[in-house]
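Just so it is clear, the model here is predicted, and its values are computed rather than measured. By convention in this document, chain letters (A, B, ...) are assigned in the order of the sequence lines, proteins followed by strands, and residues within each chain are numbered from 1.
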Amino acid sequence: MITVKIQKKQFNPQKILINAEKDKKYGALVSFIGSVREETNNGKVKKLFIEHYKNMAEKIIYKTALNAEKKWNLDYCYIIHRYGSLKAGESIVMVITCSKHRKEAYAANQYIIDWLKINAPFWKKEIFENKSKWVEQTL
Amino acid sequence: MITVKIQKKQFNPQKILINAEKDKKYGALVSFIGSVREETNNGKVKKLFIEHYKNMAEKIIYKTALNAEKKWNLDYCYIIHRYGSLKAGESIVMVITCSKHRKEAYAANQYIIDWLKINAPFWKKEIFENKSKWVEQTL
Amino acid sequence: MRVLYFAKVREIIGLPEENIDLPSNVQTVEDFLDYLISKENKYDLALSNKEAIHIACDEDHVDKDFILKNTKEIAIFPPVTGG
Amino acid sequence: MRVLYFAKVREIIGLPEENIDLPSNVQTVEDFLDYLISKENKYDLALSNKEAIHIACDEDHVDKDFILKNTKEIAIFPPVTGG
């Protein structure tokens with residue numbers, strides 16, 4: 001079971017986890033939550049602006065989830081990614097993977113995030129008090 | 001910040017996640033939840049009984065968390081493990097690790113679970129309809 | 001052909017998208033970038049560092065030698081930074 | 001010395017714990033296991049497959065050649081299966 005969501009509004013990681021626990025069948029659940037840091041090398045972040053290429057983002061994330069599901073025999077896979085204007089502390093992305101054994105759930109989870117970071121068309125701009133800066137890709 | 005809990009009663013992964021999100025400072029949060037599978041190679045599980053060596057379990061898990069915190073510069077580390085009688089679907093263990101970047105949070109999380117599986121003094125017994133069986137160690 | 005720009009590229013060019021008819025001498029993505037660069041200063045500013053420019057044609061990542069013949073939508077953007 | 005048994009070992013020996021005075025010829029964990037095995041059939045049943053028996057002394061995992069001299073509490077158990 002795969003779910004992919006790309007949305008502007010805030011999401012609730014707790015609710016997403018409750019649903020995952022209801023829907024999954026197997027023993028191991030790994031989740032990753034990435035959120036806006038308050039401090040970066042460039043200073044104190046006021047806001048993070050995320051631009052995206054909607055259709056392509058949905059397509060790539062769904063394909064990534066399908067690949068992971070097949071490769072690691074996942075029982076459940078949920079990916080949500082925000083765009084628009086986010087404040088420090090808010091969640092940007094959440095990935096949940098469930099499988100029979102923990103190794104598969106960990107590997108699939110990291111694969112999805114790594115792949116998404118390299119391929120999914122999102123761009124972050126950090127807004128500071130007096131300046132703003134597009135984030136550079138770091139792999 | 002390290003928290004270690006070993007308890008008999010059920011825990012609520014959602015509440016634990018809410019607290020983690022409040023207390024953490026940094027951008028990446030990885031969580032692992034291991035729960036009782038309904039089916040194993042030996043059949044349909046009615047209950048899982050977990051025996052433990054209390055003082056040693058607390059000591060080893062805390063030491064493992066400390067090692068992980070130091071090695072991966074964690075900002076937050078929460079480990080909870082149950083003992084006693086559990087039903088299929090109930091959570092056995094939850095590990096949350098938070099760090100600035102995702103690689104550290106993933107690595108620390110897996111290290112803690114791997115270490116715990118090999119060293120923490122817990123023993124599982126699966127209770128089936130007409131028999132019961134101590135689980136064998138699989139690494 | 002529908003041409004989309006994102007992030008810094010969009011800001012420098014000053015447009016999120018536009019329609020551009022392919023000149024007959026443009027075959028590949030590389031040709032198209034060169035065509036834009038020679039067309040106007042803002043494209044030159046946005047696209048001249050080609051190493052830092054990524055391309056998707058009809059929603060798939062492609063290399064610079066990709067042939068544009070059947071492409072309906074081309075997207076031009078800096079390396080992605082999501083997740 | 002306080003002796004703790006867990007899981008299958010506890011079930012076979014039929015006790016969670018007991019106090020045992022160390023005989024003077026017992027130096028190491030290995031000696032102690034041999035002493036128990038020779039003492040009574042239930043210990044032999046529980047402990048004779050020494051490969052499958054793990055030991056903690058005063059809450060730390062130890063090898064079979066560990067010297068028991070200062071040990072207050074020894075725990076004898078099968079490989080752990082938590083997590």
State, with a plain yes or no, whether a side-chain heavy atom of D:Glu59 is found less than 4.5 Å away from one of B:Ile60.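 No, too far: nothing below the 4.5 Å cut-off.
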Quick one: does D:Lys8's side chain get under 4.5 Å of B:Lys125's, heavy atoms only?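 No - every pair of side-chain heavy atoms lies 4.5 Å or more apart.
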When heavy-atom pairs shorter than 4.5 Å are enumerated against chain D, which of [options] gives the highest number?
{"options": "B:Ile113, B:Asn55, B:Ile50", "answer": "B:Asn55"}
{"options": "B:Phe32, B:Tyr53, B:Phe49", "answer": "B:Tyr53"}
{"options": "B:Ile112, B:Asn119, B:Val135, B:Ile92", "answer": "B:Asn119"}

Check this for me: [X], atom [atom1], are more than 12 non-hydrogen atoms of other residues, nucleotides or ligands nearer than 6.0 Å?
{"X": "B:Lys87", "atom1": "NZ", "value": "no"}
{"X": "B:Lys133", "atom1": "NZ", "value": "yes"}
{"X": "D:Lys39", "atom1": "NZ", "value": "yes"}
{"X": "D:Asp21", "atom1": "CG", "value": "no"}
{"X": "B:Lys5", "atom1": "NZ", "value": "no"}

Between B:Phe122, B:Trp134, B:Trp123, which is the residue that forms a ring-ring contact (aromatic ring centres under 6.0 Å, His included) with D:Phe6?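 Only match with D:Phe6 under ring-ring contact (aromatic ring centres under 6.0 Å, His included): B:Trp123.
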Tell me, for D:Asp60 versus chain B, whether the close heavy atoms (under 4.5 Å) come from the side chain, the backbone, both or neither.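 Contact with chain B is through both the backbone and side chain of D:Asp60.
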Please report the closest heavy-atom contact between B:Met56 and D:Ala56, naming both atoms and the distance.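 Distance-wise, the nearest heavy atoms are SD-CB, 3.5 Å.
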What part of B:Lys124 gets within 4.5 angstrom of chain D, counting heavy atoms only: side chain, backbone, both, or neither?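 B:Lys124 touches chain D through backbone and side-chain heavy atoms alike.
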Heavy-atom distances under 4.5 Å only: say whether B:Asp114 touches chain D with side chain, backbone, both or neither.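 B:Asp114 has no heavy atom closer than 4.5 Å to chain D.
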When only pairs under 4.5 Å are counted, which of D:Glu73, D:His54, D:Arg10 shares the most heavy-atom pairs with chain B?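 Sorted descending by pairs with chain B, the first entry is D:Arg10.
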Exam field: side chain B:Gln137 to backbone D:Val80, donor-acceptor pair closer than 3.5 Å: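 Present.
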What's the spacing between B:Lys59 NZ and D:Asp58 CG if we round to 0.5 Å?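 One finds 7.5 Å between NZ of B:Lys59 and CG of D:Asp58.
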